[in-house]
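Hydrogens, waters and symmetry mates play no part in the numbers below; they use all other heavy atoms, side chains included.
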Amino acid sequence: MALSVKCNMKSLFRFIHMSNSHRSLFKAGKATGTMSHPKGQVFSGIQPTGVPHLGNYLGALENWVALQDEYSSVMYSIVDLHSITQPQDPQILRDNILDMAASLLACGIDPTRSILFQQSQVAEHAELAWILGCLTSMPRLRHLPQWKMKSMEKNEGSVGLYTYPVLQAADILLYKSTHVPVGEDQIQHLELAQDLARIFNNQYGEFFPEPRALLSVTRKVKSLRDPSSKMSKSDPQKLSTVFLNDTPDDIALKIRRAVTDLTSEVTYEPESRPGVSNLVSMHAAVSGQSVEEVVRLAKGMDTGQYKNVVAEAVVEKLQPIRLEIQRLRADRGHLESLLAKGAEKARSLAVPVMTEVRKLVGFYYGN
């Protein structure tokens with residue numbers, strides 16, 4: 001069924017245009033109590049799993065865009081080395097890398113203000129990961145929560161899955177990063193990078209800064225079909241996840257079928273009413289309004305009417321991104337060239353760091 005774009009209910013449209021959709025949802029240094037440092041080095045990575053979903057955008061990518069104006073040096077990597085800890089079809093992986101590049105650009109990542117590159121094109125990532133791996137104990141990795149979770153799912157994980165937090169640490173330290181935007185579930189992996197910086201510095205002399213966490217204040221987006229779980233690409237229920245390249249009709253259908261409850265009033269009560277609260281949180285995030293504003297303006301509507309409002313707001317936010325993804329994805333050569341230029345810039349920063357690391361470790365003599 002099609003989205004009611006031409007709906008004549010003026011009260012529905014009132015929600016969308018009252019807000020400033022570009023209001024920042026990010027506060028740098030929230031986790032550590034620090035203010036943004038204009039000379040800081042920011043690094044973050046994202047796996048090439050195809051086009052991101054709404055939760056990825058609101059939870060991370062919108063913040064990434066904002067950081068380009070906050071720091072003097074910002075680097076974003078499509079971490080394809082990490083992706084092969086799970087079996088990958090080579091052609092699908094190649095396509096996913098370009099889909100992710102197109103999506104990041106469409107969301108507002110600007111290669112003139114940041115460095116966007118493909119991880120595997122900078123060999124120094126893997127080299128530093130080996131050196132740091134030799135400074136890491138097996139019990140330290142074994143206690144990381146994601147290894148426990150993923151290895152239980154597969155009964156027995158690969159060596160790559162076991163050691164990929166070390167590669168994450170290498171990704172960060174290779175550029176002497178000072179700040180890393182992360183979600184709460186990644187804090188322990190960042191702590192490993194901090195520990196490895198200290199271990200390396202204690203053994204070889206002060207060299208790597210200890211990176212700090214930048215936590216987003218954006219609310220997490222839950223599955224539309226199971227609001228007790230996060231929105232996920234791997235969710236087998238097709239109607240549970242809104243992707244950045246979904247059509248308006250797709251978005252309308254998914255939100256209309258979102259799980260709520262038997263109470264018709266729109267309220268924000270995450271514990272007792274997780275379904276409608278998820279819609280409220282989503283609406284607030286895409287419109288730039290507060291939860292309180294959204295609930296106040298929804299007074300007098302039932303959840304069926306409110307779902308139309310949320311759908312309209314999400315469409316308005318994502319439609320320009322969807323069209324830009326389509327435009328960029330149609331020019332494969334442009335995306336490949338852009339990633340190649342980004343890798344060249346990344347290598348120009350990585351090579352001198354690794355040259356010094358090799359000297360410190362003792363791999364060769366040098367002045």
Side-chain angles (χ1 to χ4, degrees), residues 43-57 59-61 64 75-107 109 116-130 132-133 141 144-172 174 182-183 185-186 189 230-238 240-241 243-246 325 328-340 342-343 346-347 350:
F43 178 92
S44 195
I46 188 167
Q47 289 199 35
T49 52
V51 175
H53 58 67
L54 182 61
N56 300 140
Y57 176 72
L61 302 185
W64 284 19
M75 305 183 72
Y76 297 127
S77 181
I78 300 174
V79 289
D80 49 344
L81 292 177
H82 289 289
S83 70
I84 63 170
T85 58
Q86 307 292 335
Q88 298 285 339
D89 178 284
Q91 185 55 55
I92 293 176
L93 178 57
R94 282 189 284 269
D95 290 341
N96 282 347
I97 290 168
L98 295 185
D99 281 345
M100 182 57 72
S103 299
L104 294 176
L105 294 169
C107 288
I109 299 303
L116 175 63
F117 70 102
Q118 185 179 338
Q119 179 194 33
S120 64
Q121 301 305 305
V122 183
E124 285 77 10
H125 284 258
E127 183 180 0
L128 182 57
W130 175 258
L132 296 179
L141 296 180
L144 289 172
Q146 290 198 6
W147 161 255
K148 291 180 180 179
M149 179 183 67
K150 292 184 178 181
S151 61
M152 281 192 296
E153 289 175 357
K154 292 186 159 295
N155 296 322
E156 183 177 346
S158 69
V159 172
L161 181 62
Y162 186 73
T163 62
Y164 89 92
V166 180
L167 179 57
Q168 281 186 322
D171 295 337
I172 296 166
L174 180 60
V182 293
D185 57 347
Q186 288 290 318
H189 286 180
K230 288 196 303 183
M231 187 172 282
S232 171
K233 290 182 181 179
S234 59
D235 195 316
Q237 298 193 66
K238 301 298 183 183
S240 67
T241 304
F243 290 93
L244 298 189
N245 62 341
D246 277 348
I325 290 173
L328 290 165
R329 196 62 184 85
D331 190 349
R332 185 185 184 99
H334 170 70
L335 292 173
E336 291 173 344
S337 174
L338 187 146
L339 289 176
R347 279 195 298 271

Closest non-hydrogen atom pair between M100 and Q47, with its separation: CE-O, 3.4 Å
Point-to-point distance, once rounded to the nearest 0.5 Å, from CG of L105 to NE2 of H334: 6.5 Å
Spatial distance of atom OH (Y164) from atom CD1 (I84) [nearest 0.5 Å]: 14.0 Å
Donor-acceptor pair, side chain of T241 and main chain of S232, under 3.5 angstrom: yes
Heavy-atom donor-acceptor pair, E124 side chain to L174 backbone, under 3.5 Å: no
Minimum heavy-atom distance A101-L116, with the two atoms named: O-CD2, 4.5 Å
Straight-line distance of Q118 CD to L338 CG, nearest 0.5 Å: 11.5 Å
Salt-bridge contact D235-K230 (side-chain N to carboxylate O under 4.0 Å): no
Side chain to side chain, M231 and L54, heavy atoms closer than 4.5 Å: yes
Plane angle bin for F43 and H125 - parallel if under 30°, tilted between 30 and 60°, otherwise perpendicular: tilted
Heavy-atom closest pair, residues Y76 and I109: CE1-CD1, 3.6 Å
Side chain to side chain, S83 and L93, heavy atoms closer than 4.5 Å: yes
Side-chain donor or acceptor of R332 paired with backbone N/O of D95 under 3.5 Å: no
Passing option when P52 is tested against N245, L244, L104, I325 for side-chain contact (heavy atoms from CB on, under 4.5 Å): L244
Taking every non-hydrogen atom, the tightest pair across L335 and L98: CD1-O, 3.7 Å
Straight-line distance of L339 CG to S120 OG, nearest 0.5 Å: 9.5 Å
Main-chain N/O of L161 paired with S158 side-chain donor or acceptor, under 3.5 Å: yes
Minimum heavy-atom distance I78-I97, with the two atoms named: CD1-O, 3.8 Å
Heavy-atom check, side chain of H189 versus side chain of V182, under 4.5 Å: no
Pairwise distance CZ(R94) to CD(Q88) - rounded to 0.5 angstrom: 11.5 Å
S337 side chain to G333 backbone, donor-acceptor under 3.5 Å: no
Shortest non-hydrogen separation from D80 to Q119 and the atoms involved: N-OE1, 3.3 Å
Spatial distance of atom CG (L81) from atom CD (Q121) [nearest 0.5 Å]: 9.0 Å
